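Remarks on the structure that follows.
This is a predicted model, so every value here is computed, not measured. Naming: A, B, ... by sequence-line order, numbering from 1 per chain.
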There are 2 protein chains.
Amino acid sequence: MGKQATEMLKGTLEGIVLAILSGRSAYGYEITAWLRDQGFSDIAEGTIYALLVRVEQRGLVDVEKVPSEKGPPRKVYSLNAQGREYLNEFWRTWSFLAERLEQLREGGG
Amino acid sequence: MGKQATEMLKGTLEGIVLAILSGRSAYGYEITAWLRDQGFSDIAEGTIYALLVRVEQRGLVDVEKVPSEKGPPRKVYSLNAQGREYLNEFWRTWSFLAERLEQLREGGG
DNA sequence: TACTGGTACATAGCAACACTGAGTACCTGA
DNA sequence: TCAGGTACTCAGTGTTGCTATGTACCAGTA
């Protein structure tokens with residue numbers, strides 16, 4: 001992934017994280033590791049933590065502190081009702097964008 | 001399109017405009033009008049002009065000033081070789097992102 | 001004991017980008 | 001003369017992801 005990805009991730013990364021949380025609860029370190037596993041090799045740890053703070057402040061997720069066997073306590077996030085609504089809106093916006101881009105790619109402009 | 005679109009467009013809008021230019025030459029006002037026609041209702045004129053200045057400075061497009069019958073002269077942009085290369089890279093990054101998101105949407109996380 | 005390394009989170013400063021809002025300039029038609 | 005469509009420009013703002021650094025907990029090992 002190159003420099004273009006950095007800008008393209010803006011706005012999208014938030015949706016990605018919320019989509020992950022829609023399937024199961026997770027904590028920051030876990031999400032970062034999962035993303036890297038999926039090929040998002042350049043995603044910085046700090047980015048995910050900052051993102052999680054933002055979505056928490058907006059009331060899209062619930063948080064629970066859970067002790068870990070291997071280090072400091074984990075902050076486990078789960079998507080709440082408001083977050084699900086926001087995620088639906090995200091998918092609508094994404095679909096719109098993806099459709100337009102697919103048309104552009106096929107039509108060549 | 002809501003507020004989420006603003007952030008999601010970052011990085012993507014550039015690819016969209018370059019994709020348009022890969023099919024045919026165009027000028028700013030025309031591109032803005034076309035995008036609005038395609039449903040990108042909130043895209044500000046200033047945004048497109050600023051974007052065009054950026055891609056020009058990076059050497060991705062060639063510019064030609066053409067007189068208009070209806071107003072000030074048009075700055076007609078066309079994609080050059082370097083721009084095509086950059087656009088290919090854009091499509092690769094986009095494909096990567098789109099695949100991951102499609103998986104997430106289906107899998108639910 | 002001291003040190004390394006994995007786990008887990010936090011944050012200040014930076015760069016890039018889209019938006020807002022205002023402005024300039026050309027031309028036509030009422 | 002003035003409104004309105006065409007066409008481009010630019011300063012200032014907010015959001016976002018990245019960089020770099022720091023804190024803290026724990027296990028294994030030399």
Side-chain angles (χ1 to χ4, degrees), chain A residues 1-18 25-36 40-58 60-61 63-77 86 90 93 97, chain B residues 1-18 25-36 40-58 60-61 63-77 86 90 93 97:
Chain A
M1 303 188 53
K3 292 165 288 177
Q4 298 191 59
T6 292
E7 292 304 323
M8 238 185 281
L9 274 178
K10 289 188 180 177
T12 311
L13 185 58
E14 187 178 280
I16 291 173
V17 169
L18 293 180
S25 302
Y27 54 97
Y29 191 84
E30 188 184 9
I31 294 172
T32 304
W34 187 85
L35 286 173
R36 293 203 169 136
F40 294 96
S41 48
D42 317 331
I43 290 196
E45 251 190 298
T47 298
I48 298 299
Y49 290 116
L51 191 157
L52 288 170
V53 167
R54 284 202 302 271
V55 294
E56 182 189 354
Q57 283 173 346
R58 284 193 223 145
L60 306 179
V61 293
V63 191
E64 195 190 355
K65 213 152 201 166
V66 177
S68 162
E69 329 85 46
K70 292 189 174 180
R74 299 165 174 165
K75 284 181 75 176
V76 176
Y77 294 84
Y86 188 87
F90 169 81
T93 307
L97 206 56
Chain B
M1 304 191 49
K3 291 167 288 177
Q4 299 191 61
T6 293
E7 292 305 324
M8 238 186 280
L9 274 178
K10 289 188 180 177
T12 311
L13 185 58
E14 186 177 281
I16 290 173
V17 170
L18 293 181
S25 302
Y27 53 98
Y29 192 84
E30 188 185 10
I31 294 173
T32 305
W34 186 84
L35 287 172
R36 293 205 168 134
F40 294 95
S41 48
D42 318 329
I43 289 196
E45 251 191 297
T47 298
I48 297 300
Y49 289 115
L51 190 158
L52 289 170
V53 167
R54 283 202 303 272
V55 295
E56 182 188 352
Q57 282 174 347
R58 284 193 223 145
L60 306 179
V61 293
V63 191
E64 194 189 358
K65 213 150 200 167
V66 177
S68 162
E69 330 85 47
K70 291 188 175 178
R74 299 166 175 163
K75 284 181 75 176
V76 176
Y77 295 84
Y86 188 86
F90 169 82
T93 307
L97 205 56

Atom-pair distance ([atom1] on [X]; [atom2] on [N]), nearest Å:
{"X": "A/Ile31", "N": "C/dT7", "atom1": "CD1", "atom2": "P", "answer": "16 Å"}
{"X": "A/Arg74", "N": "C/dA10", "atom1": "CZ", "atom2": "C1'", "answer": "18 Å"}
{"X": "A/Tyr49", "N": "C/dA10", "atom1": "OH", "atom2": "C1'", "answer": "9 Å"}
{"X": "A/Glu69", "N": "C/dG6", "atom1": "CD", "atom2": "C1'", "answer": "13 Å"}
{"X": "B/Gln57", "N": "C/dC17", "atom1": "CD", "atom2": "P", "answer": "11 Å"}
{"X": "B/Tyr29", "N": "C/dC27", "atom1": "OH", "atom2": "P", "answer": "16 Å"}

Sequence neighbours excluded, the answer for side chain to side chain donor-acceptor pair (under 3.5 Å) partners of A/Tyr27 is A/Arg74
Short N/O separations, protein against nucleotides 18-25 of chain C, under 3.5 angstrom:
{"residue": "C/dA18", "atom": "OP1", "partner": "B/Leu9", "partner atom": "O", "Å": "3.3"}
{"residue": "C/dA18", "atom": "OP1", "partner": "B/Gly11", "partner atom": "N", "Å": "3.3"}
{"residue": "C/dA18", "atom": "OP2", "partner": "B/Arg54", "partner atom": "NH2", "Å": "2.4"}
{"residue": "C/dC19", "atom": "OP2", "partner": "B/Thr47", "partner atom": "OG1", "Å": "2.5"}

Would you please name every residue forming a salt bridge (Lys or Arg N to Asp or Glu O under 4.0 Å) with [X], sequence neighbours left out?
{"X": "B/Glu56", "value": "B/Lys75"}
{"X": "A/Arg54", "value": "none"}
{"X": "B/Arg36", "value": "none"}
{"X": "B/Glu7", "value": "B/Lys10"}

Does C/dA8 have OP1 or OP2 sitting under 4.0 Å from an N or O in the side chain of A/Ser68? yes
Look at the side-chain N and O atoms of A/Tyr27 and state whether any lies under 4.0 Å from the OP1 or OP2 oxygen of C/dA8. yes
Would you please say whether a donor-acceptor pair under 3.5 Å links the side chains of B/Glu14 and B/Tyr86? yes
When you match B/Pro73 and B/Arg58 each to their closest nucleotide on DNA chain C, which lands nearer the 5' end? B/Arg58
Chain A vs DNA chain D, heavy-atom contacts under 4.0 Å, first-to-last nucleotide span, 5' to 3', is D/dT16 to D/dC25
Axis bend over the full length of the helix from C/dT1-D/dA30 to C/dA30-D/dT1, computed from five pairs that close each end, to 10 degrees: 10°
Contacts of A/Val66 that satisfy side-chain contact (heavy atoms from CB on, under 4.5 Å) - sequence neighbours left out: A/Glu64, A/Val76
A/Tyr49: side-chain contact (heavy atoms from CB on, under 4.5 Å) partners, not counting sequence neighbours: A/Tyr29, A/Glu45
Could you check B/Leu9 against B/Thr47 for side-chain contact (heavy atoms from CB on, under 4.5 Å), going step by step and ending with a plain yes or no? CA-CA 11 Å; B/Leu9 274 178; B/Thr47 298; over 6 Å; no
Distance col, row B/Ile43:CD1 vs B/Ile16:CD1, nearest 0.5 angstrom, shows 6.5 Å
Side chains of A/Val17 and A/Val55 in contact at under 4.5 Å (non-hydrogen atoms): no
